[in-house]
Amino acid sequence: MSEVLFFLAAIAAIIGAVGVVTLRNAFYAVLALVCHLVSLAALFLLLRAEFVAAAQVVVYAGAVMVLYVFVVAYVGGGEEVAAGNGLRFLGPLFALALAIELCIALLGSALSGINSQGAHYVLGFGTPAHIGRLFLTDYLFAFELASLLLLVAAVGAIVLARRRRGLEDENPALAALIAQPRPAYTGTMAEGAGVRQVLQALEETHGGVIELGAQPPKLAVGAERSGDEAQEQLP
Amino acid sequence: MIGLANIDYFEPWWMQIAKALVIFGVIFGVLPILTVYERKLLGRFQHRYGPNRVGPFGLMQPLAEIVKFALKEPFRPRTSMGFLFRLAPAISIMTAVGGLALIPWGNVQDIFGTRTGLYGIDVSVGPLYVFALGGISFYGIVLGGWASGSKYSFLGAMRAAAQLISYEVSQGLALVGVLISAQTLSLTGIVNAQRGMWYFIPQIVGFLIFMVASFAETNRAPFDLVEADGELGGGYFTEYGGTGFVAYLFAEYVNMLVVSGMAATLFLGGWLLPFGIHPPGWVDPFVVLAKMMIFMTLFIWIRATLPRLRYDQLMSFGWKILLPLATVNLLVTAIVVVH
């Protein structure tokens with residue numbers, strides 16, 4: 001039974017991995033990667049590492065790949081980027097180097113671990129308690145280092161994605177675009193719901209919001225009406 | 001013996017199969033009744049009768065609905081991706097049913113002379129198993145919305161992606177308080193650790209966070225803007241009719257049942273009764289079922305009471321209120337347990 005499961009999961013993992021690199025459609029490639037990761041989780045289960053299997057599914061299939069799917073579904077595959085001449089030759093070269101390296105590692109060490117008995121198994125191996133104890137004793141340094149790395153990554157993401165101010169100072173065309181009065185109810189949700197402060201702020205900065213299809217200077221109505229009335233005027 | 005993880009099966013193989021069949025049968029017997037229950041209760045909340053035409057008190061309504069859905073013409077939009085369009089509801093219902101295996105209905109009992117645990121499986125990773133299934137069930141929703149090839153479905157699916165990721169974190173953190181208190185991940189172990197006091201009392205903050213996040217995870221009102229009939233015409237299942245729609249509908253109800261079961265197990269003491277009452281073993285599953293029904297009623301009550309949140313409110317509530325609250329709850333619990 002476990003042999004059948006192993007070959008099912010292994011074949012699915014290989015098909016998924018091949019699919020990631022061969023499929024042209026980016027969305028399908030991401031789905032193939034999900035299939036690969038879930039199959040890996042099944043292999044972890046067969047190795048009696050249930051915590052690693054659950055973490056694999058929760059973190060990779062459930063969180064990381066969700067973001068991939070999100071981005072690819074929104075942005076779409078787009079145009080295929082043709083590889084430059086350098087990449088066209090370097091790519092297979094790197095792949096070959098990686099394959100040779102893996103072969104050396106496999107043939108050199110891992111094969112000796114394969115025999116009819118398999119690895120030594122102790123009761124409680126792979127349970128959360130076992131893993132937690134190892135994290136806080138033998139591998140404490142690596143564990144803390146990894147959490148520090150994650151913290152740096154989180155701070156870095158926030159710094160990179162922060163709202164940048166002062167763009168319009170250098171770019172007069174952009175500044176003119178921002179300064180243009182917008183049609184009413186096309187901006188923020190607060191404006192759409194008729195929040196008075198927002199309407200007043202629009203009034204001060206842009207000379208009022210304008211109704212769609214109306215003359216801009218005549219009907220700067222946003223600030224005069226209260227929020228609820230402005231909402232009722234929506235078509 | 002299957003070498004699949006450390007699940008601790010001690011029953012013979014026929015008992016495992018019987019357990020799976022009984023759990024599946026009971027839940028899928030309860031499901032149609034739940035749909036009628038929800039519609040009748042909603043009707044009462046809104047000063048109407050609800051379904052009352054088919055059978056006594058309208059109880060046969062689900063039979064009529066099932067026949068209606070099964071006989072509908074199977075159709076799909078020309079822009080849909082055939083394979084994924086059919087696969088997506090199947091993913092949803094399978095992951096939902098998988099979660100049922102984890103709910104503990106009772107302690108280990110003697111049935112026909114064999115020791116039997118009244119639960120599908122008792123895994124050492126406990127709630128993580130449910131989170132893993134939840135992570136996969138997300139693909140049922142997103143693939144359904146994407147493969148439909150319609151803007152409404154797509155918007156619903158994208159909302160689902162953002163919403164699930166935001167609230168899963170808070171839900172997980174709220175659970176960790178219970179796990180620290182019980183010092184085990186096994187769900188039967190957590191129930192047995194509540195013999196002195198249900199975690200509902202010391203972990204009241206965690207309980208509230210868990211319930212709010214569960215409403216968001218199951219896409220129920222007031223967090224149902226994934227479906228948002230008014231804006232999206234149903235969201236990710238807009239283009240589904242007939243059996244595909246039924247699969248999504250049942251997946252939602254099974255998810256609600258699983259979440260109710262988890263809440264009853266983690267916070268309301270599972271099959272335990274208060275005031276030191278120790279009924280015979282066969283009562284335990286009914287106690288769990290009764291506690292689940294309390295939560296199901298809460299789900300329906302809140303659906304009838306609260307209006308839908310706006311998308312930006314949903315996001316800021318999840319990240320700016322729930323997540324810090326869950327973190328503080330976890331820290332306080334950890335400090336209390338250690339000292």
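Please read all numbers here as calculations on a predicted model, not as lab measurements. A note on names: the letters A, B, ... follow the listed sequences, proteins ahead of strands, and every chain is numbered from 1.
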Novice: Compare all side-chain heavy atoms of B:Trp146 with those of A:Leu31 and state whether any distance is below 4.5 angstrom.
Specialist: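 Sidechains of A:Leu31 and B:Trp146: no contact.
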Novice: Can you check whether anything in residues 94-101 of chain B gets within less than 4.5 Å of chain A, heavy-atom wise, and list it by number?
Specialist: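 Within residues 94-101 of chain B, near chain A: nothing under 4.5 Å.
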Novice: Got more than 12 heavy atoms from elsewhere within 6.0 Å of CZ, B:Phe85?
Specialist: yes
Novice: Among the options B:Leu133, B:Leu128, B:Ile136, pick out the one with the most heavy-atom pairs lying under 4.5 Å from chain A.
Specialist: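 If we count pairs closer than 4.5 Å to chain A, B:Leu128 comes out on top.
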Novice: Can you see which heavy atom on A:Phe70 is nearest to which on B:Ala161, and at what distance?
Specialist: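 Closest pair (atom of A:Phe70, atom of B:Ala161, distance): CD1-CB, 3.4 Å.
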Novice: Can you say whether B:Phe138 sits under 4.5 Å from chain A via the side chain, the backbone, both, or neither, judging by heavy atoms?
Specialist: side chain
Novice: Spell out the residues in residues 54-67 of chain A that have some non-hydrogen atom less than 4.5 Å away from a non-hydrogen atom of chain B, in order of number; otherwise answer 'none'.
Specialist: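 When heavy atoms of chain B are the reference, residues 54-67 of chain A contributes A:Ala54, A:Val57, A:Val58, A:Ala61, A:Gly62, A:Ala63, A:Met65, A:Val66, A:Leu67 within the under-4.5 Å range.
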Novice: Check the pair B:Tyr139, A:Val69 against side-chain contact (heavy atoms from CB on, under 4.5 Å), reporting the backbone distance first and the verdict last.
Specialist: CA-CA 9 Å; B:Tyr139 290 100; A:Val69 168; 3.9 Å; yes
Novice: Sort B:Leu164 into side chain, backbone, both or neither according to what part of it lies under 4.5 angstrom from a heavy atom of chain A.
Specialist: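 For B:Leu164, there is no contact with chain A at all, as no heavy atom is under 4.5 Å.
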Novice: With a sphere of 6.0 Å drawn around OH of A:Tyr68, does it hold more than 12 non-hydrogen atoms of other residues, nucleotides or ligands?
Specialist: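 12 or below, so no.
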